[in-house]
There are 2 protein chains.
Amino acid sequence: MRGRAAEELTARARIRDAALREFAEHGVNGATIRGIARAAGVSPGLVQHHFGSKEALRRACDEYAVETLKRTKLEGLSGGLGSPGYSAAALDAVLPLQRYLARALVDGSPGAAELFDDAVAASKEMLGGDVPGLSRPKTADPHAYAVVMTGLSFGLTVIHEHMSRALGTDMLGAEGYARMARAMLDIITDDILAPDLVVQLRATLDRMLAESTGPRIPTSDAAARKADSDPPA
Amino acid sequence: MRGRAAEELTARARIRDAALREFAEHGVNGATIRGIARAAGVSPGLVQHHFGSKEALRRACDEYAVETLKRTKLEGLSGGLGSPGYSAAALDAVLPLQRYLARALVDGSPGAAELFDDAVAASKEMLGGDVPGLSRPKTADPHAYAVVMTGLSFGLTVIHEHMSRALGTDMLGAEGYARMARAMLDIITDDILAPDLVVQLRATLDRMLAESTGPRIPTSDAAARKADSDPPA
DNA sequence: TTGCACATTGAACGCTTGTATTGGATAATC
DNA sequence: GATTATCCAATACAAGCGTTCAATGTGCAA
């Protein structure tokens, strides 16, 4: 049962892998059981036999992707975009799952949403805690800070197709990933915005927030207090 | 023909608007002509009559969205996330289109890809030119810099559903948008990464790039030269 | 060998889809 | 006022979908 060669997997696993690929490429609605069966080299009936229904197959893919990604993230460094913890081997294993996740995030899968929320919580904890090399961000809205931080990372993955096209390299590969991470590092590190423009923008946004929300999400302290009162995990 | 009230549009426009909504919500494959017709309050046959086929309807939505978004972007400030040029009125008009675009980016529409590439070119031009308040970024790979910059913005829009859930506010609304933009501003402005960590990360990424690409995308100068040789528009 | 449980297949069914067609209502034109 | 064009609804139909099911192949215990 263990140590099988990559091409001698059980039919169930082959179907799951094919489904991950087909779901990632065509979306949940676009992928068909017949197409998945063809990609897995089995008959459509066998897919039904092993997973019962298309929705159950999707759930199985979801659970597998979530579990594997969580485990891989734990094994590597828990850092964000520029983490050196991605060994090439782990990257290969995770790659198809990330493609699937990218689609699932848009197609509305529960697993993808869970993964996103977990990442927000992890980001929040990391930003709030004392991580070496990371200073606590100065922000009036730590929650939004963590959400945006996570969203930036996930969002890039979701549009990896366009990123790859514009970059000329597959973003979900070692080279493209490194190139993107370095640019990301440049963006975070450099201060491209002039200080006076920053204060002007911030004033505009604060005014927008004051206008649209009334007392709900005030400009400075209350927002921070509210975010701090949220459960950190 | 002109000055019609919002609810007295021609049937063709009503169908198009409904299609934009349905495509945005269920994806291109998930949306059905019957569903679009129901949403527009017309018969399915009328959709066929006006647009010929589902694919043609999609193309019409694409063109309309691209043209309207381009025009709106031109009217407002050509800036990125924190631009104060988004008046509330323009925002309302653009909102459904952005939802559609978010889906179209993943479903693989030509218009969305065009919009993305245009944004990359615009970002590149802006970063390379002399925009007041914007300093030219210090990066070895200006092209990747512009691509990532654009991808960050587009990616956030694509996962707006998850952003809104995590934020507790609709991201594609005035309040959520402002809250997100402010957090984005905090992220770009603050230097959360310690300088020594930055150089370490950069060294790791440079090594990854040197390993994976060989002489194609070197660490420093050649990449910059290559990117500069690309057409700026 | 026999019996049995499981893996696997391929055909069939019901349903929804996109599309084509027919026909009627309404308004403009002569 | 008849005719024509345009707008619209309803129906019909072929294709593809997820799903079901009976039949066949396969490996293991008795």
Side-chain angles (χ1 to χ4, degrees), chain A residues 1-2 4-5 7-64 100 103-104 107-110, chain B residues 1-64 100 103-104 107-110:
Chain A
M1 203 72 83
R2 73 171 61 204
R4 283 272 177 80
E7 55 211 346
E8 268 293 338
L9 290 168
T10 166
R12 196 173 194 278
R14 257 187 305 137
I15 292 172
R16 178 185 21 77
D17 288 351
L20 283 166
R21 262 179 284 128
E22 293 286 306
F23 281 147
E25 186 163 0
H26 304 108
V28 176
N29 273 318
T32 69
I33 291 208
R34 286 171 174 82
I36 292 169
R38 204 178 316 122
V42 300
S43 73
L46 194 60
V47 178
Q48 213 71 27
H49 170 71
H50 276 299
F51 293 93
S53 74
K54 186 183 180 182
E55 183 50 37
L57 171 59
R58 203 277 260 279
R59 270 199 302 272
C61 289
D62 242 49
E63 288 169 14
Y64 176 76
Y100 169 79
R103 257 291 184 163
D107 281 348
S109 98
Chain B
M1 202 71 85
R2 73 172 61 203
R4 286 272 176 81
E7 55 212 345
E8 270 292 336
L9 290 167
T10 165
R12 195 172 194 279
R14 260 187 302 135
I15 291 172
R16 176 180 30 71
D17 288 351
L20 282 167
R21 264 180 281 126
E22 293 286 306
F23 281 147
E25 186 164 0
H26 305 107
V28 177
N29 274 316
T32 69
I33 292 206
R34 285 168 175 84
I36 292 169
R38 205 178 315 124
V42 300
S43 74
L46 194 61
V47 179
Q48 211 73 26
H49 170 73
H50 276 298
F51 293 93
S53 74
K54 185 183 179 181
E55 183 51 35
L57 172 58
R58 203 277 260 277
R59 269 198 303 270
C61 289
D62 243 50
E63 287 168 15
Y64 176 76
Y100 168 79
R103 257 292 185 166
D107 281 348
S109 99

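Both backbone and side-chain heavy atoms feed into the values below; hydrogens, waters and symmetry mates do not. Here the structure is a predicted model, which means the values were calculated and not measured. Quick note on labels: first sequence line is chain A, next is B, and so on, each numbered from 1.
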D:dG18 C1' sits how many Å from A:Glu55 CD, rounded? 12 Å
Rounded distance (Å) that lies between atom P of D:dT19 and atom CD of A:Gln48: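 Roughly 5 Å, once rounded to whole Å.
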Extract, from 5' to 3' on DNA chain C, the first and final nucleotides lying under 4.0 angstrom from some heavy atom of chain B.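 The contact span of chain B on DNA chain C goes from C:dT17 to C:dT19.
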How close do [X] and [Y] get, heavy atom to heavy atom, and via which atoms?
X: B:Asp62; Y: B:Ser109; value: OD2-OG, 2.9 Å
X: B:Ala60; Y: B:Phe51; value: CB-CE2, 3.8 Å
X: A:Ala39; Y: A:Glu22; value: CB-OE2, 3.9 Å
X: B:Ala24; Y: B:Arg103; value: O-CG, 2.9 Å

Sugar-phosphate, base or nothing in reach of A:Ala37, heavy atoms under 4.0 Å: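 Answer is nothing: A:Ala37 stays at 4.0 Å or more from every strand.
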Please work out if A:Ala56 contacts a base, only the sugar-phosphate, or nothing of the nucleic acid, heavy-atom cut-off 4.0 Å.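 No contact.
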With sequence neighbours left out, write down each residue that passes side chain to side chain contact (heavy atoms under 4.5 Å, CB included) with B:Ala19, or none if nothing qualifies. B:Phe23, B:Ile36, B:Leu57, B:Cys61
Mark yes or no for whether B:Asn29, through its side chain, and A:Asn29, through its backbone, hold a donor-acceptor pair below 3.5 Å.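 No; judged by distance alone, with no hydrogens or angles, the pair does not exist.
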Just the table, please: protein N/O against nucleotides 24-28 of chain D N/O, every pair under 3.5 Å.
none

Restricting to nitrogen or oxygen on both sides, can you table the protein-nucleotides 9-14 of chain D pairs closer than 3.5 Å?
from  : atom 1 : to      : atom 2 : distance (Å)
D:dA9 : OP2    : B:Ser43 : N      : 2.8
D:dA9 : OP2    : B:Ser43 : OG     : 3.2

Using the closest heavy atom to pick a nucleotide of DNA chain C for each, name whichever of B:Gly30 or A:His49 lands nearer the 5' end.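 Checking each residue's closest nucleotide, the 5'-ward one belongs to A:His49.
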List the residues meeting side-chain hydrogen bond (donor to acceptor under 3.5 Å, both in side chains) with A:Asp17, not counting sequence neighbours, and say none if there are none. none
Which residue pairs pass the side-chain hydrogen bond (donor to acceptor under 3.5 Å, both in side chains) test with at least one member in residues 32-60 of chain B, sequence neighbours excluded? none
To the nearest 0.5 Å, what is the distance between CG on B:Leu46 and CD1 on B:Ile33?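 With rounding to 0.5 Å, CG (B:Leu46) is 11.0 Å from CD1 (B:Ile33).
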To the nearest 0.5 angstrom, please state how far the CD1 atom of A:Ile15 sits from the CG atom of A:Leu20.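 One gets 12.0 Å once the value is rounded to the nearest 0.5 Å.
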